[in-house]
Amino acid sequence: MSEDSKANALVQVDHLKKYYPVRGGVLRQITAWVQAVDDVSFEIQPGETVGLVGESGCGKTTVGRTILNLIDPTDGEVFFESKNIYDLGKKELKQLRSEMQIIFQDPFASLDPRLSIADSIGQGLRIHKRGSRRERFEQVLDILNKVGLEEYHARRFPHEFSGGQRQRIGIARALALKPKFIVCDEPVSALDVSIQSQVLNLLRDLQKEFNLAYLFIAHNLSVVEHISNRVAVMYLGKIVEFATREELFREPLHPYTQALMSAVPVPNPDYERNRIILEGDVPSPLDPPSGCRFHPRCPSVMDHCKEREPEMKPHSSGSQVACWLYE
Ligand code: SF4
């Protein structure tokens, strides 16, 4: 990460760690730690989308929520517009909440079934005392329009909508306070493939209109390919590769990225990609493997990979990768 890009970053994540204690015995003492996120650093520029990809349980959702200060970090810092968000007082934190929002994977679970769509979307405006009741309602209608819904939807309730429409409502809720940054936590994973591209296009259009920055979390590369400027690949609590979208798809470096890439469908029936099937499950973050955490599943493993952990290093392609193959 260059000093320039750090200085201009909207969000800067520095050595973020989140460990969860495991308690046992009669006295419920801490017996171990689950290393959900372990020393993660990257930055997001205004108007940029950074994709965060990895298998379920690799810590990507924890990264997203810790960046939003919804979860306390164990160590490390997050800066939003150069302010350390963990040092902010109550008032500043409330202001920050309006600038950083989240879109959830399951919009139905995140919407209160007793609130009309107008009340759901307008909740943030009410809490932050933005405008009169009438003005807030006008704003809700405007946002509904922006996410491709109709004004009459404002009076309806969540159960009256399809999955795709509910995700549009989730997006409208996140947009209501005019944030600069949104964590999109697997926003299309629960949707049919035909609806996924509509929601991705909507997110892209809104990004252009409002200069939004996204951290776009997904478990497969094919989803982030269409929306990300840069992509971070995460494995067992650590980022193992960080690259521009073009570079990552042109030359994936880390053996884990190569395996994820081999699962991305190719839109050409005459071309068959060599699928790399990873052996075994993701190891437990309670007791991560020694050395390189990927070594028990890596097709290119070498002896020293089992003992020494590789650090993220710049590669000649411009990407960054943590793998002994490139030392
Ligand atoms: Fe595989 Fe070794 Fe690279 Fe880890 S460091 S990804 S085990 S080659």
Item to complete: Begin with the C-alpha distance, continue with both residues' side-chain angles, and end with the deciding distance and a verdict on side-chain contact (heavy atoms from CB on, under 4.5 Å) for L175 and L212.
Response: CA-CA 10 Å; L175 278 181; L212 290 165; 3.8 Å; yes

Worksheet item: Hey, are the side chains of V40 and M234 touching, using non-hydrogen atoms and a 4.5 Å cut-off?
Response: yes

Worksheet item: Does one hydrophobic cluster hold both L286 and I71, with members joined at side-chain heavy-atom distances below 4.5 Å?
Response: yes

Worksheet item: Step by step, would you call Y86 with T66 a side-chain contact (heavy atoms from CB on, under 4.5 Å)?
Response: CA-CA 10 Å; Y86 303 129; T66 315; 3.4 Å; yes

Discussion item. Donor-acceptor pair, distance only, cut-off 3.5 Å: does the side chain of Q105 make one with the backbone of E186?
Written reply: no

Worksheet item: Would you say the side chain of C58 lies within less than 4.5 Å of the side chain of V282, judging by non-hydrogen atoms?
Response: no

Worksheet entry | Closest heavy-atom pair and its distance - F104, S110 | CD1-CB, 3.5 Å

Worksheet item: What pair of heavy atoms forms the shortest contact from W324 to R308, and how long is it?
Response: NE1-O, 2.7 Å

Discussion item. Can you confirm if the aromatic rings of F294 and H254 lie within a centre distance of less than 6.0 Å?
Written reply: yes

Fill in: Minimum heavy-atom distance between R23 and I30, given as atom pair plus value
NH1-CG1, 3.6 Å

Worksheet entry | Any donor-acceptor pair under 3.5 Å from E307 side chain to G291 backbone | no

Worksheet item: Can you list the residues that meet the salt bridge (Lys or Arg N to Asp or Glu O under 4.0 Å) rule with E138, with sequence neighbours excluded?
Response: R134

Discussion item. Hydrogens and angles aside, do N220 and S222 bring a side-chain donor and acceptor to less than 3.5 Å of each other?
Written reply: yes

Worksheet item: When rounded to the nearest 0.5 angstrom, what distance separates CG in D14 from CG in N84?
Response: 9.0 Å

Discussion item. Under 4.5 Å between side-chain heavy atoms, counting indirect links through other Ile/Leu/Val/Met/Phe/Trp/Tyr residues: same cluster for F80 and L88 or not?
Written reply: yes

Response to the item:
Of all heavy-atom pairs linking S98 and H128, the shortest is CB-CE1, 3.8 Å

Worksheet item: Tell me, do F216 and L203 make a side-chain contact under 4.5 Å, heavy atoms counted?
Response: yes

Discussion item. Restricting to non-hydrogen atoms, name the atom on P283 and the atom on Y235 that form the minimum distance, rounded to 0.1 Å.
Written reply: CD-OH, 3.2 Å

Discussion item. Within the 3.5 Å criterion, strictly below it, is a donor on R293 or Q35 matched to an acceptor on the partner's side chain?
Written reply: yes

Practice prompt. Say whether E247 and S319, considering side chains only, have a donor N or O and an acceptor N or O under 3.5 Å apart.
Written response: no

Worksheet item: How many angstroms lie between CD in Q320 and CD in E241, if you round to the nearest 0.5 Å?
Response: 10.0 Å

Discussion item. Hydrophobic clustering (ILVMFWY, side-chain heavy atoms < 4.5 Å, transitive) - are L221 and V321 grouped together?
Written reply: no

Practice prompt. Would you check if the side chain of K60 reaches a backbone N or O of G54 as a donor-acceptor pair within less than 3.5 Å?
Written response: yes

Fill in: Q198 side-chain N/O to I195 backbone N/O, donor-acceptor pair under 3.5 Å
no

Practice prompt. Could you tell me whether the side chain of E135 and the main chain of S132 form a donor-acceptor pair under 3.5 Å?
Written response: yes

Discussion item. To the nearest 0.5 Å, what is the distance between CG on L68 and CD1 on I182?
Written reply: 10.0 Å

Worksheet item: Do the charged groups of R230 and E43 touch, with an N to O distance under 4.0 Å?
Response: yes

Fill in: Enclosure of R126 CZ (heavy-atom neighbours >12, cutoff 6.0 Å)
yes

Discussion item. For Y19, give me all partners under ring pair (Phe, Tyr, Trp, His ring centres under 6.0 Å), at least two apart in sequence or on another chain.
Written reply: none

Fill in: Exceeds 12 heavy-atom contacts within 6.0 angstrom, atom CD of E251
yes

Worksheet item: Do the non-hydrogen side-chain atoms of K313 and Y326 ever get within less than 4.5 Å of each other?
Response: no

Discussion item. Let's go through F210 and K146 carefully: what are the C-alpha distance in whole Å and the side-chain angles of both, what is the deciding distance for side-chain contact (heavy atoms from CB on, under 4.5 Å) to 0.1 Å, and is it a yes or a no?
Written reply: CA-CA 11 Å; F210 299 111; K146 292 226 182 306; 3.4 Å; yes

Worksheet item: Side chains of R65 and D185: does their closest heavy-atom pair fall under 4.5 Å?
Response: yes

Worksheet entry | Under-4.0 Å salt bridge between E92 and K83 | no

Discussion item. Please say yes or no: joined through hydrophobic side-chain contacts below 4.5 Å, possibly via intermediate residues, are V301 and L236 part of one cluster?
Written reply: no

Worksheet item: So do Q45 and N8 actually touch side chain to side chain, heavy atoms under 4.5 Å?
Response: yes

Practice prompt. Could you tell me whether K18 sits above the aromatic face of Y20, with NZ or CZ closer than 6.0 angstrom to the six-membered ring centre and within 45 degrees of the axis?
Written response: yes

Worksheet item: Can you tell me if NZ on K94 sees more than 12 non-hydrogen neighbours from other groups inside 6.0 Å?
Response: yes

Worksheet item: Can you tell me how far the NE2 atom of H219 sits from the CG atom of L260, to the nearest 0.5 Å?
Response: 10.5 Å

Item to complete: Determine, using the 4.5 Å side-chain heavy-atom cutoff (strictly less than), whether L70 and F181 are members of one ILVMFWY cluster.
Response: yes

Discussion item. With a 3.5 Å distance limit and no angle check, can you tell me whether E48 reaches the backbone of N229 through a side-chain donor-acceptor pair?
Written reply: no

Fill in: Q12 side chain vs F42 backbone, donor-acceptor pair below 3.5 Å
no

Discussion item. Can you tell me how far apart CD1 (I44) and CG (L215) are? Round to the nearest 0.5 Å.
Written reply: 4.5 Å

Worksheet item: Any side-chain heavy atom of L144 sitting closer than 4.5 Å to one from E151?
Response: no

Fill in: Distance in Å, H15 NE2 paired with D75 CG, rounded so as to fall on 0.5 Å steps
9.5 Å

Worksheet item: Taking C-beta and beyond as the side chain, do V199 and I171 meet within less than 4.5 Å on heavy atoms?
Response: yes

Worksheet entry | Full working for side-chain contact (heavy atoms from CB on, under 4.5 Å) between Q167 and I103 | CA-CA 8 Å; Q167 196 50 292; I103 298 168; 3.4 Å; yes

Worksheet item: Would you say E225's side chain and R245's backbone share a donor-acceptor pair under 3.5 angstrom?
Response: no

Worksheet, complete the sentence: Closest non-hydrogen contact found for P255 with S300 is CG-OG, 4.3 Å

